[in-house]
Amino acid sequence: MALWFRTRRMRDPVRGRFRVDVCAPPGIGGGEIASFSYSAYVLGVVSGPGIAATKVKHSCQVRVKRYPNSGQVVPVIVDRADPTRLAIVWKEVPVRPRVFGEYS
């Protein structure tokens, strides 16, 4: 989903950080390794300027090449008015090395 779609209804969007606690890797639910992205819940803590650290359960399409590890910090745009509303900036998440030819 495009970043503009996730951020269009935010009242006070700012750049922030999302420390990932849990994100299921691709392949857990089926044939995601052969696809570009997969649907998942990402659990973690979001923070940013003027935002206290807040635990969040975020539903999104996770890019197979860029899925985050537990403990990894990813860049986000977060709504100061509602910190549970966020958008991961996937273009700034580092690409993972290939594992078992999973990006064919």
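We count residues from 1, following the sequence as given. Source: prediction; values computed, not measured.
- A donor-acceptor distance shorter than 3.5 angstrom exists from the side chain of D79 to the backbone of D12, with no hydrogens or angles considered.
- Cluster annotation: V45 and Y67 are assigned to distinct hydrophobic clusters (Ile/Leu/Val/Met/Phe/Trp/Tyr, side-chain heavy-atom contacts under 4.5 Å, transitive).
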Counting only pairs under 3.5 Å, give me each side-chain donor-acceptor contact of residues 16-23, with atom names and distances, residues two or more places apart or in other chains.
{"residue": "R19", "atom": "NH1", "partner": "D21", "partner atom": "OD1", "Å": "2.8"}

Exercise. Should R63 and V93 be marked as a side chain to side chain contact (heavy atoms under 4.5 Å, CB included) after you check the CA-CA gap, both sets of side-chain angles, and the distance that decides it?
Worked result: CA-CA 10 Å; R63 309 275 171 112; V93 176; over 6 Å; no
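- Between Q61 and S37, the shortest heavy-atom contact is NE2-OG, 3.1 Å.
- Contact of the V42 side chain with the C60 side chain is registered, since non-hydrogen atoms from C-beta on lie closer than 4.5 Å.
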Exercise. Would R96 and N69 satisfy side chain to side chain contact (heavy atoms under 4.5 Å, CB included), going step by step from the backbone distance to the final call?
Worked result: CA-CA 10 Å; R96 298 175 58 84; N69 287 323; 2.9 Å; yes
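- Listed here is the closest heavy atom pair of E92 and R15: OE1-NH2, 2.6 Å.
- Tested against T54 for a side chain to side chain contact (heavy atoms under 4.5 Å, CB included), the candidates V78, V46, L86 yield a single pass: V46.
- Of all heavy-atom pairs between A53 and S47, the closest is CA-CB, 4.3 Å.
- Atom CZ of R11 sits about 8.0 Å away from atom CZ of R85, to the nearest 0.5 Å.
- Summarising the geometry of K57 relative to Y41, their closest heavy-atom pair is CG-CD2, 3.7 Å, with the distance given to 0.1 Å.
- Hydrophobic clustering, with ILVMFWY side chains joined whenever heavy atoms are under 4.5 angstrom apart, keeps V56 apart from L43.
- Linking Ile, Leu, Val, Met, Phe, Trp and Tyr whenever their side-chain heavy atoms come within less than 4.5 Å puts W90 and V14 in one cluster.
- Residues R80 and P49 share a closest heavy-atom pair of NH1-O, 3.4 Å.
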